[in-house]
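The structure appears below as structure tokens.
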There are 2 protein chains.
Amino acid sequence: MDAAPLQVIPYDRPTLSALLRRHGIAPTHQRLEIARVLFARCQHLSAEQILHQANERHAETSKATVYNTLNLFRDRGLVREVIVDPKRVFYDPNTGPHHHLYNVDTGEITDIPADGLRLSGLPELPAGMVTEGVDVIVRVRSAGVSGLG
Amino acid sequence: MDAAPLQVIPYDRPTLSALLRRHGIAPTHQRLEIARVLFARCQHLSAEQILHQANERHAETSKATVYNTLNLFRDRGLVREVIVDPKRVFYDPNTGPHHHLYNVDTGEITDIPADGLRLSGLPELPAGMVTEGVDVIVRVRSAGVSGLG
DNA sequence: ACAGTGAATTAGAATGATTCTTAATGGACG
DNA sequence: CGTCCATTAAGAATCATTCTAATTCACTGT
Ligand SMILES: [Mn+2]
Ligand SMILES: [Mn+2]
Ligand SMILES: [Zn+2]
Ligand SMILES: [Zn+2]
């Protein structure tokens, strides 16, 4: 049983604490700060971006802790990774089923809700395989920008 | 007009030479060797794997050339990149529309033909955006391997 | 308040894929 | 042969991420 995907909750300290605890994560100051960055606006951020936003007021969280914490959050199912750019991983606080629009020019990632999107005709899995997830990535670019020379 | 997606062609030197030339690429020894590795079996290989396979008989291609050549092939539309693993890029000699099954345990990538797969209900693109492609990635794992602790 | 304890944090080194710099090589052609 | 320009390639650099090892922290029990 997973926590139902909460969308618009007040992300104050007590709420975030409860969220972490529900996922078996001890709510430390740094972890709460990182969780706040991720859940406040429901964005898709890289570790570097999260590090900067977490340290906007006072520098109090190290780069190592950001990576440790993101891996912990991922392992506990609090966030998911979005793999669209070979250069860096993005972290998505929305773990519910949904897909992504990726602007290859700007690097911007936008959610595509899973309802309304129908995909059928997937081949049967080879025996002994279990589906972990299906990712749909729509790659777009700003019109007028030629991809070739 | 792009070359029609040829599937089963005899990948001898003259054929590969013509293929490269059709894409505006001068067919050098190293490039032909790399093309042979990619097109012989229609696999999804990383740069490292391609380097090794290219140098199986005689070591004659450097790592730098493998990366240069793969980027050249990609820019000229000879191959496409497959982004499923944050650790490395895979190169796909099949540039026709198709999707991928990714075994997160073994790292194996399998093609899913595009026909037979129907996806509908994609949201309209914001104005000034052009779709570059739609990737569907089915992530699977070998049954019995728990992703959690 | 204070020591003890295990978990969390962190600075900095290490790793590894990829790119960059720059110099050597090589084929085409006169 | 010698010139010319593309190609190749060794090794340095970059950069995201992980690892190591040591410090700090939050609690607990006194
Ligand atoms: Mn990771
Ligand atoms: Mn690349
Ligand atoms: Zn998302
Ligand atoms: Zn493929």
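Numbered from 1 within each chain, the chains take letters A, B, ... in sequence-line order. Because the structure is predicted, anything quoted here is derived from the model rather than measured.
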- [ ] Give a yes or no answer on whether the side chain of A/T65 reaches the backbone of A/T61 with a donor-acceptor pair at less than 3.5 Å.
- [x] no

TODO: Rounded off to whole Å, could you give me the CG-to-P distance for the A/L20 and C/dA7 pair?
DONE: 18 Å

Task: For atom CD1 of A/I83 and atom P of D/dT17, their distance in whole Å - done: 9 Å

Open item on the list: Would you say A/D92 and A/H98 are linked by a side-chain donor-acceptor pair, where the criterion is simply a distance under 3.5 Å?
Closed with: yes

TODO: Nearest whole angstrom, please: distance from the P of C/dA8 to the CG of A/D75.
DONE: 13 Å

Open item on the list: Please encode protein proximity along nucleotides 23-30 of chain C as a string of B, S and -, counting only heavy-atom distances under 4.0 Å.
Closed with: --------

- [ ] Say whether, by atom type as modelled, one donor and one acceptor occur between the side chain of A/H23 and the main chain of A/R76 under 3.5 angstrom.
- [x] yes

Task: ILVMFWY network linking A/V140 to A/Y102, side-chain heavy atoms under 4.5 angstrom - done: no

TODO: Rounded to the nearest angstrom, tell me the gap between atom CG in B/L72 and atom C1' in C/dT18.
DONE: 16 Å

Open item on the list: Between B/D135 and A/I137 (side chain of the first, backbone of the second, donor and acceptor by atom type, cut-off under 3.5 Å), is there such a pair?
Closed with: no

- [ ] Report the distance from atom CG of A/L32 to atom P of C/dT9, rounded to the nearest whole Å.
- [x] 10 Å

TODO: Pick out which of A/I34, A/L20, A/I25, A/V79 makes a side chain to side chain contact (heavy atoms under 4.5 Å, CB included) with A/L72.
DONE: A/I25

Open item on the list: Between C1' on D/dT18 and CD on A/E81, what's the gap in Å once rounded to a whole number?
Closed with: 13 Å

TODO: Measure up the B/H100 and B/H44 rings against each other and bin them: parallel (under 30°), tilted (30 to 60°), perpendicular (over 60°).
DONE: perpendicular

Task: B/D85 CG - C/dT18 C1' separation (whole Å) - done: 14 Å

Open item on the list: Rounded to whole Å, how long is the line connecting atom CZ of A/R74 with atom P of D/dT17?
Closed with: 11 Å

Open item on the list: So does B/G133 get a backbone contact from the side chain of B/T131, meaning a donor-acceptor N/O pair under 3.5 Å?
Closed with: no

TODO: Summarise protein proximity over nucleotides 6-16 of chain D in one line of letters, 5' to 3': B for base, S for sugar-phosphate only, - for none, counting protein heavy atoms closer than 4.0 Å.
DONE: -SSBB-----S

- [ ] Would you confirm whether A/H58, through its side chain, and A/E56, through its main-chain N or O, come within 3.5 Å as a donor-acceptor pair?
- [x] no

